[in-house]
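To start, the structure under review is shown below, and the notes come after it.
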Amino acid sequence: MSRRVTLALPPWLAHALRAQRGPVPWSAVVRGALAAGPLLLVAVVAGHASAGVVAAVAAMLAGINDRPGSRRASVRRLGGPALAGAGGLLVGTYAGDHVGPVALTVVLTGLGLLAGGMSAIGPVASAAGTQLLVAAAIGAGMPLPESGPLRALAFLAGAGWLLVLRLALPTPGALTGDFRFDGERAAVADVYEAVARLLDAAGTEDATARRAALTAALDHAQDALTGPRLRRYASSATERRLHAQYAAALPLAEAATALAWAGEPVTARASEGPRRLAAAVRDNVSTGPLPAPSRSAPALRALDDALLHAADAFDQGDGADLHTRRRGARDLLRTAFGSGGREYGVRVALCFGASVATAQALHHSHWYGQHPHWYWLPATAVFLVKPDLGPLVSRVLCRAAGTVLGALLFAGFAAVLPRPEGLVALVAVCGALIPVATRHFAAQTAVATVLVLALVMVGGEPQASVSRIVETLLACAIVLIVGHLPVPGRRGGQVRARLAAATDAAHAYLTHVLDGSDDRAARWTLRREAYRTLAEARAVIALNAAELPALARHTEGTDEVAALLERLVDTTTACAVHLDDTGRLDRRHRERLTALLEELARLQERADVPGLPVAV
């Protein structure tokens with residue numbers, strides 16, 4: 001009798017082998033092909049190849065941030081990091097020209113501390129911190145004839161060109177109508193589709209995963225609708241309509257969550273209405289008659305009322321806010337300089353500063369020789385040390401493998417391609433591949449390595465594949481060592497900071513519901529904040545769980561706390577729907593709340609995370 005043995009990979013290795021899936025983002029591929037390559041070609045023809053290299057680097061970095069979403073969201077997602085990169089290039093250039101190696105190391109280390117703390121604020125701030133440090137290293141070490149302001153202008157031109165392409169080019173398949181809002185329409189339609197799928201999964205084991213997918217869809221739609229208006233006057237009616245359609249989905253999502261919490265299946269008729277609404281948003285047409293679900297329970301009555309409200313909102317198109325709490329400068333600073341931001345900042349500063357010091361020492365040593373690419377070492381360390389890019393060992397393995405592969409590929413291309421036209425074409429091809437390669441860190445590294453080495457040769461320097469491999473491996477070693485060093489305070493500060501934010505948001509939402517307030521707009525805002533902060537906490541916890549055991553042990557038990565907080569927020573949503581219908585909580589809701597709060601208190605004490613001081 002034979003037995004099949006299944007070997008489970010350790011989390012840190014499994015993460016390194018995992019890649020994102022999905023359709024090819026052809027729009028981003030086209031933009032990538034039209035960004036770095038053409039910019040470099042124009043600069044070479046004009047006799048300013050070095051400025052073209054800077055612009056192409058900026059376009060490459062912007063291409064990494066060119067993710068699916070709305071055009072308005074891309075203004076912040078691409079423009080914010082580009083501004084930070086231009087500032088870093090300016091600071092790095094002046095520091096490299098006017099201070100010695102020791103002072104330069106101190107300046108860049110301080111910049112690393114600032115950028116690291118800033119990265120704890122969110123994804124856009126993290127991308128800005130990355131570009132700030134990478135551009136500062138390039139400005140300090142890359143031999144260019146242009147002055148600091150001209151380098152910064154070239155950098156902004158490169159990123160700005162990609163942003164112009166993002167705003168101006170239509171999405172394939174959306175050539176008719178006002179294609180400027182196709183990203184917003186798709187995001188809002190996905191919310192209604194997610195509501196329908198959650199209703200289909202009510203009473204099944206898939207309900208929890210479908211509720212998480214609904215939260216992700218709401219987060220994405222919220223981001224898609226947030227940002228500057230694309231056309232101040234002509235688009236106002238369209239934008240008001242999209243905002244109204246998004247707002248109309250919130251009570252539907254609330255009712256669907258309550259039905260899923262009840263654990264009883266609902267008829268297929270219940271999900272038919274949200275699916276018709278999804279199609280109406282996607283095709284920009286009227287809803288038509290919507291099938292009414294049964295009104296036999298409070299949550300079903302809430303679903304029916306929400307469908308009627310949605311039909312009215314679709315017809316009227318009145319604008320509404322996005323029910324998201326605005327974070328002021330004080331809140332952002334509290335995040336950046338809180339426990340999570342401090343740990344983040346110290347780790348980034350140590351790695352960046354150590355790599356700058358090592359690179360400077362090697363650059364000025366007699367046995368190593370003057371090496372014009374010393375800035376590669378700190379620039380590589382920046383991508384390796386950023387925790388939001390993946391677990392530490394996974395990042396190091398992927399970076400090393402991707403660099404070796406990319407350097408070997410480029411060595412082959414450099415031997416046969418004509419110069420400079422063949423190298424410019426190679427840059428254009430790599431620019432087109434980046435949006436696809438971002439699905440896996442090793443693939444992204446390989447494509448970026450080929451692109452960077454091509455830029456180096458276009459700038460007039462010799463082939464440098466071997467140097468690129470050596471300095472990447474050295475950066476990997478530095479980050480591995482520094483990443484496991486003990487630091488003041490407790491490890492896992494970022495996880496605990498995210499969990500504390502999620503706990504506070506759950507507390508505010510639960511308190512509002514139990515107080516019996518009739519302000520539904522405030523309730524939806526608090527509900528969105530609770531689910532959103534929980535999703536952010538779960539993402540950070542998952543990354544930390546995939547670290548080596550020496551690091552993962554510092555956040556043990558936090559995933560259980562987050563899961564229980566989600567169940568508490570789901571129960572709070574069910575309570576809100578029930579209170580709307582009956583004006584009081586029944587025994588089942590009270591017992592469930594009490595049990596969850598007691599279990600949550602025990603888990604939070606064991607995991608040493610902030611508690612939730614609420615009693616029912």
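Count residues from 1 along the sequence. Computation of the quantities below employed the complete heavy-atom set of this structure, encompassing side-chain atoms and omitting hydrogens, waters and symmetry-equivalent molecules.
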Inset, instruction - Would you confirm whether W374, through its side chain, and A361, through its main-chain N or O, come within 3.5 Å as a donor-acceptor pair? - result: no
Inset, instruction - Of all the heavy-atom pairs spanning H15 and P391, show the shortest one and how long it is. - result: CE1-CD, 3.1 Å
Inset, instruction - Could you please spell out the steps behind the side-chain contact (heavy atoms from CB on, under 4.5 Å) verdict for L451 and V57? - result: CA-CA 9 Å; L451 193 153; V57 168; 5.8 Å; no
Inset, instruction - Quick one: pull up CG in L17 and NE2 in H440 and give me the separation to the nearest 0.5 Å. - result: 6.5 Å
Legend entry - Evaluation steps, side-chain contact (heavy atoms from CB on, under 4.5 Å), between E146 and V54: CA-CA 10 Å; E146 288 82 12; V54 174; 5.7 Å; no
Inset, instruction - Answer whether the closest heavy-atom distance between the side chains of F383 and V134 falls below 4.5 Å. - result: yes
Inset, instruction - For V99 and V106, run side-chain contact (heavy atoms from CB on, under 4.5 Å): C-alpha distance rounded to whole Å, both residues' side-chain angles, the deciding distance at 0.1 Å, then the answer. - result: CA-CA 10 Å; V99 301; V106 172; over 6 Å; no
Legend entry - Smallest separation among heavy atoms of S355 and P378, with atom names: OG-CA, 3.2 Å
Legend entry - Heavy-atom side-chain contact between T555 and I541 under 4.5 Å: no
Legend entry - Student check: side-chain heavy atoms of E343 and V495 closer than 4.5 Å: no
Inset, instruction - Report, as yes or no, whether the 6.0 Å neighbourhood of atom NE2 on H48 holds more than 12 heavy atoms from other residues, nucleotides or ligands. - result: no
Legend entry - Gap separating the CZ atom of R468 from the CZ atom of F410, nearest 0.5 angstrom: 11.5 Å
Legend entry - F413 CZ to L453 CG distance, which is reported to the nearest 0.5 Å: 12.0 Å
Inset, instruction - Measure the spacing between CG of L225 and CG of L242 and express it to the nearest 0.5 Å. - result: 6.0 Å
Inset, instruction - Give the minimum heavy-atom separation between A217 and D190, together with the two atoms involved. - result: CB-O, 4.0 Å
Inset, instruction - Could you give me the CA-CA distance, side-chain angles and deciding distance for V346 and L113, then say whether side-chain contact (heavy atoms from CB on, under 4.5 Å) is met? - result: CA-CA 6 Å; V346 169; L113 185 64; 4.2 Å; yes
Inset, instruction - Quick one: pull up CG in L473 and CG in L377 and give me the separation to the nearest 0.5 Å. - result: 11.0 Å
Legend entry - Note, M60 side chain near V452 side chain (heavy atom, < 4.5 Å): yes
Legend entry - Test item: R347 side-chain N/O and V482 main-chain N/O as donor-acceptor pair under 3.5 Å: yes
Inset, instruction - Drop me the distance from R71's CZ to L78's CG, to the nearest 0.5 angstrom. - result: 12.0 Å
Inset, instruction - Check P68 against R77 and note the closest heavy-atom contact, atom names and distance. - result: O-NH2, 4.2 Å
Legend entry - Side chains of T380 and T403 in contact at under 4.5 Å (non-hydrogen atoms): no
Inset, instruction - Taking the side chain as every heavy atom from C-beta outward, state whether L362 and L474 have any atom pair closer than 4.5 Å. - result: yes
Inset, instruction - Without swapping roles, check the side chain of T472 against the backbone of I469 for a donor-acceptor pair under 3.5 Å. - result: no
Legend entry - Shortest non-hydrogen separation from R166 to S74 and the atoms involved: CG-OG, 3.4 Å
Legend entry - Flag side-chain contact, heavy atom, 4.5 Å: D66 against L163: no
Legend entry - Donor-acceptor pair, side chain of E547 and main chain of L392, under 3.5 angstrom: yes
Legend entry - 4.5 Å side-chain heavy-atom contact, V356 and T109: no
Legend entry - Passing candidate, side-chain contact (heavy atoms from CB on, under 4.5 Å) with Q444, options I64, T449, I434: I64
Legend entry - Nearest heavy atoms of A55 and L39, plus distance in Å: O-CD1, 4.2 Å
Legend entry - Side-chain donor or acceptor of S465 paired with backbone N/O of A407 under 3.5 Å: yes
Legend entry - Check: L144 main-chain N/O paired with R151 side-chain donor or acceptor under 3.5 Å: yes
